[in-house]
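Written below as structure tokens is the structure these notes are about.
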There are 2 protein chains.
Amino acid sequence: MPRSAPTPHQTPSLRAAGMRQTPQREAILKVLKDAERPLSAEEIWSGMEKRRSGIPTVYRNLERFVSEGWAESLQGSDQVMRFVLCRSPHHHHHLTCETCGRTVEVDGCGVEEGLAAMERASGFRITRHQLTLFGQCPACRAAIPG
Amino acid sequence: MPRSAPTPHQTPSLRAAGMRQTPQREAILKVLKDAERPLSAEEIWSGMEKRRSGIPTVYRNLERFVSEGWAESLQGSDQVMRFVLCRSPHHHHHLTCETCGRTVEVDGCGVEEGLAAMERASGFRITRHQLTLFGQCPACRAAIPG
DNA sequence: TTTGTTGCAAAGGGTTTGCAGGAGA
DNA sequence: TCTCCTGCAAACCCTTTGCAACAAA
């Protein structure tokens with residue numbers, strides 16, 4: 001249930017979204033902004049200076065940010081939810097390096113034709129999809145050739 | 001750490017996989033076989049006649065079946081792991097109807113070209129991907145046209 | 001008989017809730 | 001001042017573990 005204007009992917013503005021501007025919220029956004037990979041709530045919490053917040057506050061705000069479209073929550077293979085700031089307002093996917101954990105966004109999608117073929121094969125109408133990509137980033141490829 | 005032969009996707013054979021044949025295991029496999037959608041451990045447990053098992057047994061065997069390649073575990077948007085029997089030995093994806101929950105497998109993949117484009121754009125080497133598809137099955141499309 | 005499995009109970013770990021006090025606007 | 005937000009503690013819930021009893025082979 002997004003509350004903000006239709007194009008919320010710009011620099012998150014607490015005020016514009018009708019949220020009060022608290023140091024906790026700014027700290028959470030800062031940690032997310034500086035992160036190069038999806039972070040768990042606990043990692044975000046640890047990253048906040050002086051831990052001046054409780055974990056529940058982190059969770060509550062994360063949920064808020066996701067519903068605003070500012071962040072995205074990703075389920076890993078473990079039981080932990082991780083969060084990333086959405087840099088792009090467009091449809092995109094996250095590509096995670098399995099060696100160093102760095103995550104980048106890939107704009108666009110590139111699976112449309114594949115989806116169309118699957119629709120024909122299954123008779124389903126495909127309305128949404130979630131694609132998570134894993135591999136190795138350029139730096140790690142260079143470090144560990146093979 | 002699969003223990004069975006390289007082609008374990010046929011009808012699961014407990015004996016062939018080096019597992020003892022217990023009523024609990026047969027019951028779990030039966031519930032999964034009859035299911036048309038991914039089931040949580042608790043749903044599987046409830047589906048076993050007379051609940052003649054403890055939840056830990058269900059979890060332990062599910063983990064075993066997954067490592068044998070007989071089943072696959074899927075993370076939904078909630079915090080619950082769900083399980084499906086793999087009908088096909090090939091690379092495939094699961095397509096879930098958002099109206100009735102029915103899930104089918106789509107053989108093949110169809111996103112290869114897209115992945116190649118993403119590799120070029122990102123510089124990553126993509127080694128694995130997870131694609132989950134949502135939409136509406138033929139029956140639900142017929143029932144609720146639009 | 002041997003050893004893999006099960007059941008119970010309890011622990012674990014991430015996430016959510018209730019509520020009273022605190023602080024933006 | 002008026003709400004919204006936060007912090008604390010406890011509750012929740014799914015999943016895992018330890019261990020002794022049990023049963024498949």
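Labels below follow one simple rule: chain letters A, B, ... track the order of the sequence lines, proteins then strands, and each chain is numbered from 1.
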* Per the end-axis method with five pairs at each terminus, what is the bend angle of the helix from dT1(C)-dA25(D) to dA25(C)-dT1(D), to 10°? -> 40°
Measure from [atom1] on [X] to [atom2] on [N] and round the result to the nearest Å.
X      : N       : atom1 : atom2 : answer
W45(B) : dT15(D) : CH2   : C1'   : 14 Å
E43(B) : dT15(D) : CD    : P     : 11 Å
L62(B) : dT15(D) : CG    : C1'   : 12 Å
L14(A) : dC5(D)  : CG    : C1'   : 12 Å
L39(B) : dC14(D) : CG    : P     : 14 Å
M48(B) : dT5(C)  : CE    : C1'   : 13 Å

* Structure fact -> Taken in chain and number order and not counting sequence neighbours, the residues that satisfy side chain to side chain donor-acceptor pair (under 3.5 Å) with S40(B) are E43(B)
* **Partners passing side chain to side chain donor-acceptor pair (under 3.5 Å) against R15(A) (at least two apart in sequence or in another chain)** => Q21(A)
* **side-chain contact (heavy atoms from CB on, under 4.5 Å) involving E72(B) - partner list, sequence neighbours excluded** => L74(B), V84(B), C86(B), H92(B), H94(B)
* Could you tell me which residues satisfy side-chain contact (heavy atoms from CB on, under 4.5 Å) with A35(A), sequence neighbours excluded, listed by chain and number? => L39(A)
Any side-chain heavy atom of [X] sitting closer than 4.5 Å to one from [Y]?
X      : Y      : value
E42(A) : V80(A) : no
T22(B) : N61(B) : no
L32(B) : L62(B) : yes
K30(A) : M48(A) : no

Would you tabulate the nitrogen or oxygen pairs shorter than 3.5 Å linking the protein to nucleotides 21-25 of chain C?
from: dG24(C); atom 1: N2; to: R20(A); atom 2: NH2; distance (Å): 2.9
from: dG24(C); atom 1: N3; to: R20(A); atom 2: NH1; distance (Å): 3.4
from: dA25(C); atom 1: OP1; to: Q21(A); atom 2: N; distance (Å): 3.1

Which protein N or O atoms sit under 3.5 Å from an N or O of nucleotides 13-17 of chain C?
from: dT15(C); atom 1: OP1; to: M81(A); atom 2: N; distance (Å): 2.9
from: dT15(C); atom 1: OP2; to: Y59(A); atom 2: OH; distance (Å): 2.1
from: dT15(C); atom 1: O5'; to: Y59(A); atom 2: OH; distance (Å): 2.9

* Residues forming a ring pair (Phe, Tyr, Trp, His ring centres under 6.0 Å) with F83(B), sequence neighbours excluded -> none
Kindly list each side-chain donor-acceptor pair under 3.5 angstrom involving residues 117-124 of chain B, sequence neighbours excluded, with atom names and distances?
from: E119(B); atom 1: OE2; to: I126(B); atom 2: N; distance (Å): 2.7
from: S122(B); atom 1: OG; to: M118(B); atom 2: O; distance (Å): 2.8
from: S122(B); atom 1: OG; to: F124(B); atom 2: N; distance (Å): 3.1

* **Sequence-distant partners of R20(A), salt bridge (Lys or Arg N to Asp or Glu O under 4.0 Å), two or more places apart** => none
* To do: For dC5(D), take OP1 and OP2 only and decide whether either is under 4.0 Å from a side-chain N or O of R64(A).
  => yes
